[in-house]
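This is a predicted model, so every value here is computed, not measured.
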Amino acid sequence: MARPPDLETDAAGLSHRHALWEALSELWLDTGLQPRDIERLARAITATPYTLAQVRAIHESEVAPAVSGNLTLETGEWAYFDPAWLRERCTAQARLRDVPGHRLAAWLRRPWVRFHTGDLWRRIEARLADTGHG
């Protein structure tokens, strides 16, 4: 897995990261994503300065640890995650990224994350390839 870029501190960088977190969090909503949702996610990814490998790394090390528990709840979130709550959770995950225990937990969680989001990632990557961004 590629290393995610360091968490930006400037307004433009944070804006990109926040928008990406919000987009990627949709992979963990308790609802199915439609083709129009995949298209919107692909556009959100291409609007950032990150490579696809960096986006996948941000998803696995920042977003998934913050919101993946939603799928284990009986009444999980299905519409969206509160943006302020999401930023707080993802920021905390980004800051823990280089802590050895956190890295180990992310590595152990990776098969579960990929099992639950693999098909969605294949659909997103296919859409990116269709638009020349894959």
> Can you check side-chain contact (heavy atoms from CB on, under 4.5 Å) on Arg17 and Glu62, steps first, answer last?
Replying inline: CA-CA 10 Å; Arg17 196 67 151 247; Glu62 297 170 16; 2.8 Å; yes

> Could you walk me through whether Val63 and Leu20 pass the side-chain contact (heavy atoms from CB on, under 4.5 Å) check?
Replying inline: CA-CA 9 Å; Val63 179; Leu20 186 60; over 6 Å; no

> Does the salt bridge (Lys or Arg N to Asp or Glu O under 4.0 Å) test come out yes or no for Arg109 and Glu60, once each step is laid out?
Replying inline: CA-CA 9 Å; Arg109 183 178 41 251; Glu60 290 187 0; over 6 Å; no

>> For a side-chain contact (heavy atoms from CB on, under 4.5 Å) check, start with the C-alpha distance between Leu33 and Leu41, then their side-chain angles and the critical distance, and finish with the verdict.
In response: CA-CA 10 Å; Leu33 295 180; Leu41 292 174; 3.8 Å; yes

> Stepwise, does the side-chain contact (heavy atoms from CB on, under 4.5 Å) test hold for Val113 with Trp121?
Replying inline: CA-CA 11 Å; Val113 167; Trp121 272 110; over 6 Å; no

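Residues Trp85 and Ile58 fall within the same hydrophobic cluster, defined by Ile, Leu, Val, Met, Phe, Trp and Tyr side chains chained together at heavy-atom separations under 4.5 Å.
In this structure, Thr117 contributes its side chain and Leu120 its backbone to no donor-acceptor pair below 3.5 Å. A donor-acceptor distance shorter than 3.5 angstrom exists from the side chain of Arg89 to the backbone of Ala66, with no hydrogens or angles considered.
Considering every non-hydrogen atom in both Ser25 and Phe81, the closest pair reads O-CE1, 3.4 Å.
Taking the six-membered ring where the residue is Trp, His116 and Trp28 present tilted rings, their angle falling between 30° and 60°.
Residues that satisfy the side-chain hydrogen bond (donor to acceptor under 3.5 Å, both in side chains) test with His18, not counting sequence neighbours, are Arg87.
Side-chain contact between Glu22 and Pro83 is present, with at least one heavy-atom pair separated by less than 4.5 Å.
Of the charged side-chain nitrogens involved, at least one lies within less than 4.0 Å of a carboxylate oxygen, so that Arg56 and Glu125 count as a salt-bridged pair.
Counting heavy atoms of neighbouring residues, nucleotides and ligands inside a 6.0 Å radius, atom CZ of Arg103 exceeds 12 of them.
Taking Ile, Leu, Val, Met, Phe, Trp and Tyr as hydrophobic and joining them when side-chain heavy atoms fall under 4.5 Å apart, one finds Trp107 in a cluster with Leu104, Leu108.
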